[in-house]
Every structure is written in structure tokens, then in C-alpha cells.
Amino acid sequence: MSDGRLIVVSNRLPKGDVPSGGLVFAVHEMLSQTGGLWIGAADPTKTAEDGLTQIGKGVYDRATFALSEDEHRHYYLGYSNSMLWPLFHHRADLLSFDQDDFDGYARVNARVARAIAEVAAPGDTIWIQDYHFLMVAKYLRELGVRNRIGLFLHIPCPNVSDLMALPQGADLPGWLAAHDLVGLQTQRDVSAVSDLLRLDRAIERLPNGGWIRKGHRFAVLSFPIGIDAQGFADTAASAPELPLRMPRDAPLILGVDRLDYSKGLVQRFDGFDTYLARRDAGGPRPTFLQIAPGSREDVAAYQEIRDQLERRAGAINGAHADLDWTPLRYVRRNIDRAILAGLYRRADVALVTPLADGMNLVAKEFVAAQDDEDPGVLILSHFAGAAEQLRAALLVNPFDTSALAEAIDRAIHMPLAERLERHAALRPMVFDQDITWWRDNFLRHLRGHAGFDRAMARFSAP
Ligand code: ADQ
């Protein structure tokens, strides 16, 4: 089949002409080669109308769909980030359900579908990003669109019991089944989705591992997202001098996260606190630098986590700081990417300990930034999607404060030979399975490479 144009839909659209940052950069690079269309949300206005507004024209086009302030509240802050996000991160206790939120979400998804249906030509490939648009494919099919439609879900998948907390839980399998390809971060997510699909009696498993619903065949596969590893390594190696005030030989422990309750920051602070309480008084005096810029501050659960962390940080320094030593530094601002890369390279230990996380790109950025001859140690949660690939990290259970404290101690004292061995095992996972590999792999499957199509075709004959 012809490849046609690529139409990408994501909630956020790159603002500048040459965007930076993983996914945005990879899609930009791809569209710059092939042309295509990138659709995202416009800034909210008083009222919202159908259609797309073109905001940039070049090798590829960028266009926005309209969003009223009310819809922004219900579709984005409400259903997407107060319902789907906590639910998919196994935090049903944080759900706040409001029928208006779901109605707003459905309305915006339907508008996006109508806009795509208007511009998509036969042969175009439609690639939907993330949980903001779970219903778009369903609406596209209702409008008669038969194009290839792929969804990549950046966040983890809920299990069957989580899903029961979602009033629309029974409909989710049908929404997913409207795509041709559902891409997930890990095998664990593929298993979770396989269980969810079985909730819908109209969905059947095909002997080739695919799925079928009412004659429509689709696949669910894992495509672990990567980073621009070489680019990031180069940035790290040529980073400017760091504005860090600490002794050169003191260990630096680094955490970099969007401030989110899924990232396990409170448990991480607790683990560091326990490490400090147990450490040998004559031993090294590490600094733990946690960078965590605020996000989604209009959602109540995010204000709570921010207050909680501020209190914990104050208490930890209160208990352990000295005249010449501040063990914990908590920075809430966005950091320039070159400085960030330099910090990763300078860090002796990275603490990447989410309670639930689709992939976690920070883990991969840390590996990419290391000096291959004197690499730092990655402490990684079992619950980050990255743990499926980065088996050679020090894997921890972030809920176990004592084990976290032990891992910090072990990482600080790890001999060079073991660091080299672990890094050598981690490196290829990050450099070979990079962002370009991820993108090409997903699109090849979506557009149907010969083997995939043949395997699927065997089951479609009437
Ligand atoms: P996020 O939850 O945003 O992404 P993550 O994968 O860790 O999580 O990516 C965060 C990115 O922001 C990293 O590239 C990091 O360097 C950058 N960043 C964080 N703090 C920063 C700061 N203070 N200044 C500058 N940059 C900062 C979602 C899912 C993840 C999934 C990704 C990609 O939640 O699980 O890995 O999408 O699919």
C-alpha cells in the first residue's frame, strides 16, 4: 500500500520551527523528510468551532483544533488529567469523576475526528499520541474513515480491576479496537491490554497474536520509546561549566522529574532520609539534587504533592544539614537542556524511582550522558517501563524505604569495575533502540510491512 501522508495528532504542538525534546523532535524530523500534517490543541478561547487553523507551513503543516475554556477544563484538566492519568497510574484513590468532564472529552475527541476526516486522503496514515485522544479512532470509523490509524500510549495501562473505577471502562476495549495498531511502552502493558480486551465479547484473539472486532483486525504491540541518545551524549560531553557549589569530589545524586505524584518523590526523599540517618559519619557527604518543575498546577492533587515535598525537604535538611553541607537541594525551575545534560554527566548516581511510569526518559538520558570510562550508577524503579530494557541498573522497589537507602549507599560505593560492567550492558539499549528506531518501528508496523500484512490477511478472508 502507498505510504501517503503522515498525520500526527498530539495534545501539544511544537511551538518553534525547530523543536527540541524527544518525541517532538523525532516527529518533526520525520515530517520534515516526508511532509505531512501535525495537529494539536489551540490555546483555549471563549468559544470553540469545528475545523483546523493552520499555524505553520513548511515542508509539513501544523494546525490546531479549537478548544473553549470550558472544554479545556473538562477535556484536559478533568477527564484526561484527573481521571485517565491517575487511573492509568494505578491511583484510583485520586480520581475525581464528573460527567461533564467525560462529555467534554468526548466532544473534543469527536471534533478532532471530524477535522481529520475532512483533511485525510485515502492512503494517509493517522498517528494518534496518548491518552488525550482515546476516542478519536472510534469517531473516525463512525465517519467512515478507513485509513490506517495508530495509537501510541505513552503512559502505563490500567489492569482490569483499575478499570472498574472508570464509568466508561466497558467502552475502552471498543475504543482501542478502532485502531489498526495500538502501541504500548512495555510487554507488561501489552499483557494488561490483552486482559482488558477480553472484557469485550465482540473482540477475539487471532491465532497470529492479532485481534479482531466485528471484522476489523488490529494489533497490540510494545514499542519502548527511546531518546536521541547520540545527540544527548554530545550535548552532555560539551556542556558548559556547571553552576554547582559543592566540593568537586563529593558525590552528586541527581533526580529530574516533572512534579507528579506518579514519580515517587516523597518515597525517594524518605529513602534519602533513611540513608542519611544510617550513613557512616566519616564517609562521603553526598548532595542529592532534585529538580522537579511544577506541572498541571490547576489540578488539586498536584498542589498537594508540591506542599508535601516542600515540607519533607525542609525536615530532611533540618535533621541532617551542617554549616558546610546541605544534603538535599530541591529546585523547582526548568533547567536549560545543556546544563541538564551536564548535570547528568557530573552525577555519580541517578535516582529514577517512579511508582508507575510509562517509560521514563530520564533514565535513558542519564545513561546516554555518562562518561563511558567512569560511568555513574542508575538506581531504577521496577515500576518504570524502562526497567524492562535497563535490567543492568540497580533495580529497586520505591515503596521500600530501607532498600532504597541501601541502594543509595551501594551506588555511592560501587567499584569502577562493576560500574563499567553495568554501563556496558545499559548503553546499547539506549543507543541502539533510540527515538528514530522507535518511530520507524512503529510506523513500519502501522503501515503494514509485508510479513505483518500477510499474517493478518490469512485471517481476513471471508
Ligand atoms: P513524562 O511523564 O513527562 O512523559 P519522562 O519520560 O521522564 O516523563 O520525560 C520527562 C522529560 O522532561 C525528560 O526528557 C526530562 O529531561 C525533561 N525534564 C524534566 N524535568 C526537567 C527540567 N527541570 N528542566 C528541563 N527538562 C526537564 C510521558 C510519560 C513517560 C514517558 C514519556 C515519553 O509519563 O513515562 O517516558 O511520556 O513517552
Side-chain angles (χ1 to χ4, degrees), residues 8 10-12 19-27 80-81 84-91 127-132 151-157 183-186 188-189 222-229 231-233 235-236 239 254-265 268 289-296 299 302 305-306 309 329-345 347 350-369 378 380-381 383-390 430 433-435 437-439 441-442:
V8 178
S10 60
N11 182 63
R12 272 203 298 170
S20 64
L23 166 81
V24 167
F25 182 72
V27 174
S80 294
N81 286 314
L84 296 175
W85 179 276
L87 186 91
F88 282 44
H89 287 85
H90 317 298
R91 290 299 303 270
W127 188 7
I128 299 168
Q129 306 290 330
D130 232 357
Y131 61 103
H132 311 88
L151 168 72
F152 186 77
L153 197 60
H154 291 256
I155 62 177
C157 289
L184 305 166
Q185 299 275 28
T186 64
R188 186 160 56 195
D189 296 315
S222 86
F223 300 90
I225 196 168
I227 59 166
D228 171 19
F232 200 77
T235 309
L254 183 66
V256 177
D257 305 77
R258 223 171 15 79
L259 183 49
D260 193 293
Y261 48 80
S262 65
K263 302 290 182 184
L265 293 165
R268 191 180 305 171
L289 171 62
Q290 175 64 56
I291 301 173
S295 66
R296 305 176 195 162
V299 178
Y302 287 78
I305 181 81
R306 178 178 151 170
L309 274 181
R329 295 198 202 165
Y330 172 36
V331 175
R332 279 222 325 262
R333 49 178 96 248
N334 266 308
I335 304 294
D336 172 77
R337 225 149 157 81
I339 300 278
L340 195 65
L343 284 170
Y344 282 122
R345 193 171 172 94
L351 273 176
V352 182
T353 57
L355 309 180
D357 213 333
M359 175 55 57
N360 196 301
L361 299 180
V362 171
K364 294 188 172 181
E365 289 166 356
F366 177 73
V367 172
L378 173 63
L380 180 63
S381 160
F383 304 113
E388 248 177 40
Q389 290 167 296
L390 305 183
V430 173
Q433 302 186 350
D434 68 357
I435 187 73
W437 170 86
W438 168 80
R439 176 196 73 197
N441 203 9
F442 183 93

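Counting starts at 1 for both ligands and their atoms, in listed order.
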Mind checking whether H89 has an N or O less than 3.5 Å away from an N or O of ligand 1?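 Between H89 and ligand 1 (N or O atoms, distance only) the closest approach is not under 3.5 Å.
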When only distance counts, is I155 in polar contact with ligand 1, meaning an N/O pair under 3.5 Å?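 It does not: no N or O of I155 is found under 3.5 Å from an N or O of ligand 1.
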Min heavy-atom dist W85 to ligand 1 below 4.0 Å: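 In this structure, W85 qualifies as a contact of ligand 1 - some heavy atom is under 4.0 Å.
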W438 to ligand 1, any heavy atom closer than 4.0 Å: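 For ligand 1, residue contact (heavy atoms, under 4.0 Å) with W438 is absent.
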Pull out every atom of ligand 1 sitting under 4.0 Å from any heavy atom of [X], numbered as shown with elements.
X    : answer
N334 : 22 (C), 23 (N), 24 (N), 25 (C)
G358 : 35 (O)
R337 : 14 (O), 16 (O)

Heavy-atom closest pair, residues [X] and [Y]:
X    : Y    : answer
A229 : A368 : O-CB, 3.9 Å
D130 : I155 : OD1-N, 3.9 Å
G183 : F223 : CA-CD1, 3.7 Å

pair [X]-[Y]: side-chain heavy atoms closer than 4.5 Å:
X    : Y    : value
R439 : F152 : no
L184 : C157 : yes
L390 : K364 : yes

If we set the cut-off at 4.0 Å for heavy atoms, which region of [X] has an atom near ligand 1: side chain, backbone, both, or neither?
X    : result
K263 : side chain
I225 : side chain
I291 : side chain
F232 : neither
R333 : backbone

Compare L340, L361, I339 and give the one whose heavy atom is closest to atom 7 (O) of ligand 1.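 Comparing heavy atoms across L340, L361, I339, the nearest one to atom 7 (O) of ligand 1 lies in L361.
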Residues N11 and Y131: side-chain donor-acceptor under 3.5 angstrom: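 Their side chains do not contain a donor-acceptor pair, so the 3.5 Å distance test is not met.
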All side-chain contact (heavy atoms from CB on, under 4.5 Å) counterparts of S262, not counting sequence neighbours: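 In terms of side-chain contact (heavy atoms from CB on, under 4.5 Å), with neighbours along the sequence ignored, S262 is linked to W85, H89, D260.
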Could you tell me which residues satisfy salt bridge (Lys or Arg N to Asp or Glu O under 4.0 Å) with R332, sequence neighbours excluded, listed by chain and number?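 Counting only residues at least two positions away or on another chain, R332 forms a salt bridge (Lys or Arg N to Asp or Glu O under 4.0 Å) with E310.
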